[in-house]
Number of protein chains: 2
Amino acid sequence: MDMNTNFIVFYLFINYVDHFSFVTNETFNIRYLINDTYWNNKTGPIFFYTGNEGDIEVFAQNTGFMWEIAPKFNALLIFAEHRYYGKSLPYGNKTFSDPKYLGYLTSEQALADYVDLIAHLTWNDNKSYKNPVIAFGGSYGGMLAAYIRMKYPHMVAGAIASSAPIWQFTGLTPCDVFSRIVTSDFEIENKSCSFNIRRSWNIINNITSNEDGLKWITNEWKLCRPLKNSTDVRDLKNWLSDVYNNLAMVNYPYPTNFLTPLPGYPIRKFCKKLQNTTATGKDLLNLLYKSVTVYFNYTGSSKCLNFDDSTPSLGADLWDYQACTEMVMPMCQNGNTDMFEPQEWDLLKFTHECEKKWKVTPKPYLIEKLYGGKDLSTASNIIFSNGLLDPWAGGGVLKVNSKTIKVVLIPEAAHHLDLRATTPIDPLSVIESRKLYKKIIYLWIKEHEINSIIQNV
Amino acid sequence: MDMNTNFIVFYLFINYVDHFSFVTNETFNIRYLINDTYWNNKTGPIFFYTGNEGDIEVFAQNTGFMWEIAPKFNALLIFAEHRYYGKSLPYGNKTFSDPKYLGYLTSEQALADYVDLIAHLTWNDNKSYKNPVIAFGGSYGGMLAAYIRMKYPHMVAGAIASSAPIWQFTGLTPCDVFSRIVTSDFEIENKSCSFNIRRSWNIINNITSNEDGLKWITNEWKLCRPLKNSTDVRDLKNWLSDVYNNLAMVNYPYPTNFLTPLPGYPIRKFCKKLQNTTATGKDLLNLLYKSVTVYFNYTGSSKCLNFDDSTPSLGADLWDYQACTEMVMPMCQNGNTDMFEPQEWDLLKFTHECEKKWKVTPKPYLIEKLYGGKDLSTASNIIFSNGLLDPWAGGGVLKVNSKTIKVVLIPEAAHHLDLRATTPIDPLSVIESRKLYKKIIYLWIKEHEINSIIQNV
């Protein structure tokens, strides 16, 4: 199915900048994509993607599962863009000109946007029956799908929360789990791969300790801007870490274009070039460069390596703002049980950096206060799915004691592979998971129908 | 039990003015009252009154039920003051100087205050067990008790929501129900009483149509300020309506001092003086004046009738702000099935008045979007109790299809009588209700203990 055709219509919707006070009555537009080709508007459900940190078209294009099951359910498809991303800018062009305009970029405000949109779509004076809404989301979008069901169950009958790390917060998950899973993804391909990455940090540090080495890497790695000092070196190492993390997230079995254009099983491709365990110094860095080209230049169109941006298709900078306010996700590495340069989680340092960069102070416990921690005893009608290759699974819901919350573990999947369109080479565990989702969505819709009857009895 | 003794300690707590954005990081103090005399701080519950529109001391003094059951449960008592009332002013003395400072007076912000306070009381690094919190509240406080359980079930194990009109909103309850119940409360005492009140409006209108009449009422009714024009007459009639509404709300079987000092069964006292069905014109108004003295001058200390304020002990003006923003509760009278002067619910007119007075535009559907409408299928562990003499019962939850929501109807009770201290003349239905609450609170605490175990298994 081609999702770039004119099936998609663009709509705009007037929304409040601030849903929770009456200090301002400013409004703005959020964008949403709509497809009513298959919709039975009397009883058909609304499949509602709770947009996350990026252009909503990217998520619509990478969530083929919703498109594929819409005809069977006679569903309306909605992809709602998250405020402050894509074309949904509360203050237009000046949104990013000053941190003061960013203050309404919070998950609660985004959920309230979606609630307004759902009310707009389903509340109708002439209809006693409100069409059931099923929320879908992956990653942060999956967190929002779970949260909207938890906080607004009267608006959403159920939620598919794929790869949603709702427990990747202070005190809920050890900070090193993410990096351990990434390392394991590389180790599975071949042990030499993670071994060489682990060794590379010191080599980079040694070589970049003098002018010649900085120039050497700048030239040999074809960097878009030269390495001049230790800050640049830190940026390059951060970019490398991001690349490893991203490869683990999108280690899909077939070529994709989600974070950046990549081949199928990109870690396998990456690690093929890092099998030599005797190479050292510049030789190892030459091999490493060949490996990372798999990530930044799979298409061959990159003129140089831009180590300032590892995810060109997502709104990474604004996500940094969210991480500096409520999405405070502790991460750490020890270089021992993982392949990364050791780095402790330092909230104080993190806070200082956020205050400097965005003029905000992180609230590390806000998410737990808002949405709850490990206690899911009152939540219902949510599927938490996690690919076991996905580093975000570490902060995901991997077990739960509940009759109405379903945990689905998918051994062969990376980050929200289950929400992608069907391909001939999908792993069996992904195929089976999607079958289960369909059954459970059907149940939620029936339950919604029953609730509507009970309410009027 | 004397609740005015030094059992009560005053604390202050630093809170964010805005919980849902990062536009401001201003903080302020909310006040709360605490009593730990009976508390087992290892396992004992916290009985948490979610303060409503007024000085928290008033609610602490009028919620004796919490005090009475605290020893049996080894409970900590907390009475949290609602922001913008009492001593909990976000901007200190200048809070009321300009409508722009009032914008953070919303139920969502108040709930987030309470969540912060609960976290402060129960989150402790050294304790794996968080003490269970039971929310209590009457009227708007009861709405907040229900809402905090619905929105933050991870923070609150259960809620006693007494006389909480969570359905007194657009489209959920007919606008005339409230006035019909008030009328019925007067009619029950004697039919002449409501008959005479119904007749009085035209008599007031006729007499105040000329200067002499305005002077006559000013003098005979000992008004604190003279009636000069039709606006004053409207104010006086509004005051009368408020008095009838208030009498119905606090028609308790014994003397109380909640809204104003009143005798037991005040409507009975009131109606005793209005049995003459032949009196007309000024004669009827003389009788009516004698009746209303029961309300405004039961103690004999009022020098004059102040028709600008019917509830001196509550923050009525700020409640008007809340009614003009999110608490839009449609009310109407027809003079036919009720005893009031006919008045339609006119949202447009209401909106204009709010915009003029407070510079805000009401959002009549906001509460339903935030907290849900008739669908309580996912809510749990809430008791909705309603006195059938209470006009607010009309917008309350009188039936529900749920295993974990309990509806308690109390035939002989007015507005949250069940939350008051025990007296020797409590109606049987009130006594039985309180027994039931104790059993259910016990269950909620056990359920909380079980959830805590399951979570760590």
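Chain letters run A, B, ... following the sequence lines, proteins first and then strands; every chain starts at 1. Everything numeric in this text was worked out from a predicted model, so none of it was measured.
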Enclosure of [X] [atom1] (heavy-atom neighbours >12, cutoff 6.0 Å):
{"X": "B/Phe96", "atom1": "CZ", "result": "yes"}
{"X": "B/Asn25", "atom1": "CG", "result": "no"}
{"X": "A/Glu344", "atom1": "CD", "result": "no"}

How about [X] and [Y]: do any of their side-chain heavy atoms sit closer than 4.5 Å?
{"X": "B/Glu368", "Y": "A/Trp123", "result": "yes"}
{"X": "B/Thr378", "Y": "A/Arg149", "result": "yes"}
{"X": "A/His154", "Y": "B/Tyr371", "result": "no"}

State the CD1-OG distance between A/Ile450 and B/Ser377, to the nearest 0.5 angstrom.
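Spacing of CD1 (A/Ile450) from OG (B/Ser377) equals 11.0 Å.
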
Rounded distance [0.5 Å steps], NE2 in A/His19 versus OG in B/Ser21
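Here the interatomic distance stands at 12.0 Å.
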
Cationic tip of A/Lys100 within the cone over B/Phe22's six-membered ring, i.e. under 6.0 Å and within 45° of the normal?
no

Of the backbone (N, CA, C, O) and the side chain (C-beta and beyond), which part of A/Asn451 lies under 4.5 Å from a heavy atom of chain B, both, or neither?
side chain

Part of A/Thr106 lying under 4.5 Å from any heavy atom of chain B:
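Only the side chain of A/Thr106 comes within 4.5 Å of chain B.
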
Option that, when pairs with chain A are counted at under 4.5 Å, heavy atom only, ranks first among [options]:
{"options": "B/Leu376, B/Val400, B/Asn381, B/Thr325", "answer": "B/Thr325"}
{"options": "B/Thr24, B/Leu370, B/Thr404, B/Leu102", "answer": "B/Leu370"}
{"options": "B/Lys374, B/Lys151, B/Met150", "answer": "B/Lys151"}

So, using side chain to side chain donor-acceptor pair (under 3.5 Å) as the criterion, who are the partners of A/Lys359 when residues are at least two apart?
none

Give me the atom names and distance for the closest heavy-atom approach of A/Lys369 to B/Met155.
O-CG, 4.4 Å

Any idea which of A/Ile118, A/Asp18, A/Val23 has the most non-hydrogen atom pairs under 4.5 angstrom with chain B?
A/Val23

So which residues of residues 108-117 of chain A are in contact with chain B at a heavy-atom cut-off of under 4.5 Å?
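Near chain B, by residue number: A/Glu108, A/Gln109, A/Val115, A/Asp116.
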
Walk me through whether B/Tyr16 and A/Lys363 qualify under side-chain contact (heavy atoms from CB on, under 4.5 Å).
CA-CA 11 Å; B/Tyr16 289 102; A/Lys363 297 183 181 173; 3.5 Å; yes

